[in-house]
Structure formats: structure tokens, C-alpha cells
Amino acid sequence: MKTNITYISAVGFHIAIGLLIYLNESLSKVYFAVALVYFLYRILLANDKQKTFEVLKACAYFVGAEVFFRTTRGAISYEAGKYLVILFVLIGMFYKGVSGKGYPYFLYLLLLVPSIFVASTTLSFDANFRTNIAFVLSGPLCLGLSALFCYDRKVTFKQMSQILLFMLLPIITHTAYVYFYAPELRDVLSSTASNREAAGGFGSNQVATALGLGMFIIGMRLLVNSATFGIRLLNVLLLVFISYRAVVTLSRGGVIAGVLCIFIFLVYYFAQAKSKVKIEIIGIFVLLVGALMLAWFVSSNQTRGLTEKRYANQNAAGVQKNDVSTGRTDLFLGEIDGFITNPFFGIGSSRAKDRRIEEEGQGITSHNEISRTLAEHGTFGVIILLILVFKPLDMRSRNRKNYFFYAFLAFWFATINHSSMRIAAPAFMYALALLNVVNEKNPIHRKQLKEQ
């Protein structure tokens with residue numbers, strides 16, 4: 001009962017934060033500073049047994065809050081989310097070390113280095129070398145260090161649920177802020193293009209990715225952490241609440257990734273469940289689908305059918321668009337061409353964006369981490385991708401207990417293919433897939449022997 005009250009209070013508190021920051025955006029800086037001090041305090045003062053758990057909770061919270069802090073300009077820098085995850089896992093490594101079995105991720109980090117030297121000779125004179133390199137490599141660096149820290153590290157299923165809850169709470173704050181920012185969608189939506197205003201005044205791709213992550217987490221909570229009718233109802237309302245705002249950004253990638261990962265998790269959770277639990281899961285599945293359908297129908301009504309046209313790849317007049325990828329195919333092919341012309345060492349970090357500035361006059365960042373990695377790292381990029389794909393699968397072949405595994409990995413893969421690694425979420429979710437999730441140990445009660 002106490003756990004339920006704490007959960008409800010935490011949700012209400014974070015909705016209130018969203019309202020307060022909407023009313024006074026400068027409070028976002030206070031929110032950031034308080035959260036940072038709080039989590040550093042928790043990490044540094046935690047006992048050795050709880051240190052890993054506190055590090056992962058801190059990382060999760062700032063992963064969930066990253067896009068919100070960018071939207072409200074509350075963080076100390078644009079890339080603060082990734083840098084704080086890096087800081088927290090480095091603190092964790094200092095206290096807890098790393099697993100020797102995770103050495104491929106150390107190799108992965110080393111393979112990122114040559115592209116920096118190549119970039120020093122290929123980037124244009126006008127490019128800011130330090131800023132460009134930091135922007136492109138902060139995501140891969142965040143992934144590599146997070147993976148090193150998480151690899152084969154034990155957490156319980158209960159702790160994993162808590163980690164995901166800490167990621168969800170700031171996403172609830174973000175969703176509330178977006179509701180207050182653009183309550184009347186009819187006033188801001190006039191086409192099927194992704195809409196900045198509907199996303200709370202920030203890039204709709206990143207906002208939809210964050211809200212899609214929220215959909216995924218609340219969908220999992222509906223299946224795993226909804227023991228009472230009241231909590232189940234609250235989670236259904238939150239799923240509708242978050243899904244609706246994700247859909248009306250008209251940025252499809254984050255929504256599709258969120259829904260895909262919910263159903264991947266459902267399949268593996270159902271497969272591992274006991275027979276008597278499977279009937280309950282089917283009932284919750286119906287509830288989950290109903291919540292998603294409700295969010296879809298409300299969004300369609302509020303946008304006057306623009307959401308259906310967007311997902312059908314049509315313009316506002318209902319005319320089919322030629323390119324379903326909205327120009328991303330050209331970016332992908334351009335980067336593959338960079339790999340083909342420079343197959344050994346690649347074109348160097350950030351050169352893909354820099355080259356588009358030279359040729360087209362605009363530096364559109366890549367939406368696809370796979371093609372960017374191949375183009376900028378060459379043969380080293382091939383090895384990097386092989387490590388990222390096959391090392392987790394190798395771990396999975398020896399430990400099949402973690403029913404979160406495929407859903408986390410799917411979120412990483414889906415996100416890097418539509419939003420690259422512009423935010424920390426795909427990097428950290430990938431790392432979470434490498435955790436060794438174990439069952440809670442039941443306490444052993446030993447009967448005291450009486451003296452004879």
C-alpha cells in the first residue's frame with residue numbers, strides 16, 4: 001500500500017513540476033540543479049551494496065529528463081544529458097570497477113579514436129573542430145562507457161523496475177509541460193509535417209523519441225507493476241496521456257519505436273510467464289491496445305485527421321508523398337557513398353555533416369547512426385557495428401533470464417535508425433540490456449538452537 005501511495009505521489013509531483021516550469025521557465029534551471037545535487041549526494045553516500053543501483057537511477061533520471069531540459073533551456077549545456085550519464089558511470093567504475101568480460105566495449109571505445117585524427121585533416125577550415133567532434137562522438141562515448149559499467153552487473157527485477165520508473169518520471173513532467181504549452185492543437189497544426197509547436201517548442205523528432213520511450217516504459221509497467229485496480233487505471237491514463245502527445249508531434253519514429261518495443265517486451269514476458277499468469281497478461285494486453293487506440297482516435301479528432309495522413313505518408317490535402325523517409329534516404333545514401341569512397345579510415349568524425357554544408361549550404365545532421373558510423377569510421381566502423389550487435393547476443397546465449405533484453409535492444413536499434421544518437425536514451429537503453437537481471441533472494445530464516 002505504501003508503495004502505491006509513493007508512486008501516485010511521485011507522478012503527481014512531477015506533473016506539478018511541469019506546470020510550474022511552464023508558468024516560469026527559469027525554474028527549469030533550479031530543477032536541473034536540485035536533481036543533480038540530489039543524485040550526486042545519493043551516489044556518493046550510498047553503501048557499497050547500493051552504489052550500482054544509485055548510479056543507474058541517476059543515469060536513468062537524466063536520460064528521461066534530457067530533452068525536457070533542452071526544451072526549457074534548464075541544463076548547463078545542450079549535451080549535459082550525455083555528459084552526466086558519462087560522469088555517473090565513471091563514478092560507478094571508480095567505486096565498483098568493470099567486468100573483464102566486457103572488454104569488447106573497451107575495444108569499441110578505442111576504435112572511435114582514429115576518426116578524430118582523420119577529421120583533423122578532412123574537416124573544412126570554417127568548422128569548429130572541438131564542437132563538431134564532441135557533438136558527434138558524445139553519443140557513442142556515452143554508449144561505450146555505459147556498456148562497460150553495466151556489462152554483466154547484477155540487479156534485481158525490482159531494482160530494474162525502479163530504474164525505469166526514475167526514467168519515466170521526468171518524461172511525465174515533460175508531457176505535462178507540452179500539454180500546457182500547446183493545449184489547442186487546431187491553432188498550431190496546418191500540415192502533416194512534424195510540428196515544433198505541438199512538441200512544446202522544441203525539435204519534434206527528439207520530443208517524440210522521449211515520449212515514445214515514456215510509452216514503452218509505462219506499457220511495461222502496465223504489464224509488470226500494476227498489482228491493484230487503482231494503479232492499473234492510473235497507468236492506463238498515463239499511457240493515453242503520453243501516447244496522445246507523442247502522436248500529435250507528427251514525428252513518427254519515436255511513436256513507432258515505442259509501440260514496437262512494448263509488443264516485443266510483451267511477447268518475451270508472455271513466453272516466460274507461468275500458465276496461470278498468461279490469462280492475466282492477455283487481459284492486460286487488451287487494456288493496453290485499448291489505451292493506444294483511444295490515444296490514436298483522440299489525436300485524429302484533435303488534428304482533424306492529420307495524424308492518419310501523416311502515418312499514411314500523405315500531405316494535408318491527402319496527396320501521397322513521393323518519399324516516405326522525408327529526405328532521410330538521400331542522407332543515408334550519401335553517407336554510404338562516403339564509406340565506399342573511403343573504406344579504410346572513413347571520412348572522419350563529423351565530416352558527413354561538414355560535407356553537406358560545403359555541397360548544399362546546410363548541415364543537416366544524420367538521422368541514421370549506422371550509415372554515419374560506416375562513413376566516418378570506415379573499416380573500424382564495421383567492427384564497431386559488429387561489436388554492438390553480436391556482443392549482447394553472445395551474452396544472451398549464456399543468460400536468458402532478462403525478459404527486458406530484446407525490448408531494450410530493439411529501442412536502441414529503432415532509435416539510432418530514425419534519430420541517430422542525438423540524445424542519451426538509445427545509448428543507455430543499450431547498456432541496460434547488458435545487465436544481469438536476477439530474482440530477488442528470499443530471506444532465509446534459521447531457527448535458533450536452544451542451549452541444552
Side-chain angles (χ1 to χ4, degrees), residues 15 18 22 67 71 168 171-172 174-220 222 232-264 266 284-328 411 414-415 418-419:
I15 290 173
Y22 166 73
V67 180
T71 300
L168 174 66
I171 295 175
I172 291 173
H174 191 174
T175 309
Y177 174 87
V178 173
Y179 265 96
F180 295 124
Y181 186 94
E184 293 297 329
L185 292 171
R186 296 173 190 269
D187 297 336
V188 298
L189 292 177
S190 58
S191 73
T192 58
S194 54
N195 192 285
R196 188 182 183 92
E197 292 301 303
F202 191 68
S204 56
N205 182 282
Q206 292 186 40
V207 172
T209 300
L211 299 187
L213 176 60
M215 291 170 60
F216 171 34
I217 296 172
I218 201 65
M220 287 192 294
L222 188 57
R232 192 167 295 172
L233 179 61
L234 173 61
N235 285 336
V236 167
L237 292 174
L238 286 174
L239 181 58
V240 175
F241 177 69
I242 296 171
S243 300
Y244 166 67
R245 290 311 310 199
V247 170
V248 299
T249 63
L250 299 183
S251 185
R252 296 167 292 190
V255 176
I256 293 171
V259 173
L260 173 69
C261 294
I262 289 173
F263 286 104
I264 289 174
L266 176 68
I284 296 174
F285 169 72
V286 173
L287 197 61
L288 193 152
V289 171
L292 292 175
M293 289 179 65
L294 177 61
W296 176 263
F297 287 132
V298 172
S299 67
S300 176
N301 176 265
Q302 291 298 303
T303 62
R304 294 164 293 183
L306 289 178
T307 51
E308 281 130 324
K309 291 175 181 176
R310 173 63 170 171
Y311 282 80
N313 198 42
Q314 298 173 350
N315 63 21
V319 178
Q320 196 74 21
K321 295 180 182 178
N322 294 326
D323 184 8
V324 70
S325 70
T326 59
R328 295 178 188 178
F411 181 86
T415 302
H418 78 82
S419 189

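Here, residue 1 is the first one in the sequence, and each next residue gets the next number. Both backbone and side-chain heavy atoms feed into the values below; hydrogens, waters and symmetry mates do not.
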Distance-minimising heavy-atom pair for Ser204 and Ala199: CA-CB, 3.7 Å

CD1 on Ile264 to CZ on Phe216, rounded to 0.5 Å: 8.0 Å

Closest contact, heavy atoms only, Ser299 versus Val248: CB-CG1, 3.5 Å

Under 3.5 Å donor-acceptor, Arg252 side chain and Arg310 backbone: yes

Nearest-0.5 Å distance that lies between atom CD1 in Ile218 and atom CG in Asn235: 4.0 Å

Sequence-distant partners of Gln314, side-chain hydrogen bond (donor to acceptor under 3.5 Å, both in side chains), two or more places apart: none

Test log, rule side chain to side chain contact (heavy atoms under 4.5 Å, CB included), inputs Lys309 and Thr303: CA-CA 10 Å; Lys309 291 175 181 176; Thr303 62; over 6 Å; no

Taking every non-hydrogen atom, the tightest pair across Gln206 and Val67: O-CG2, 3.8 Å

Value rounded to 0.5 Å, distance of OH in Tyr311 from CD1 in Ile256: 6.0 Å

Residues forming a ring-ring contact (aromatic ring centres under 6.0 Å, His included) with Tyr179, sequence neighbours excluded: Phe241, Tyr244

Donor-acceptor under 3.5 Å (Ser243 side chain, Leu239 main chain): yes

Any side-chain heavy-atom pair of Arg245 and Val207 under 4.5 Å: no

Heavy-atom side-chain contact between Val178 and Phe202 under 4.5 Å: no

Thr175 side-chain N/O to Ile171 backbone N/O, donor-acceptor pair under 3.5 Å: yes

Close side-chain approach of Leu266 to Leu288, heavy-atom, < 4.5 Å: no

Stepwise side chain to side chain contact (heavy atoms under 4.5 Å, CB included) check, Leu213 with Thr209: CA-CA 6 Å; Leu213 176 60; Thr209 300; 5.9 Å; no

Residue pair Ala414 / Ala257: nearest heavy atoms and the distance that separates them: CB-CB, 3.9 Å

Closest approach of Leu222 to Ile284 (non-hydrogen atoms, all atoms of both residues): O-CG2, 3.5 Å

Separation between CG of Leu237 and CG of Leu233, rounded to the nearest 0.5 Å: 4.5 Å

Mutual orientation of the aromatic rings belonging to Tyr177 and Tyr22 [parallel < 30°, tilted 30-60°, perpendicular > 60°]: perpendicular

Step-by-step side chain to side chain contact (heavy atoms under 4.5 Å, CB included) determination, Val240 to Val298: CA-CA 9 Å; Val240 175; Val298 172; 5.8 Å; no

Smallest separation among heavy atoms of Asn205 and Ser419, with atom names: OD1-OG, 2.7 Å

Side chain to side chain contact (heavy atoms under 4.5 Å, CB included) between Phe285 and Ile262, worked out: CA-CA 10 Å; Phe285 169 72; Ile262 289 173; over 6 Å; no

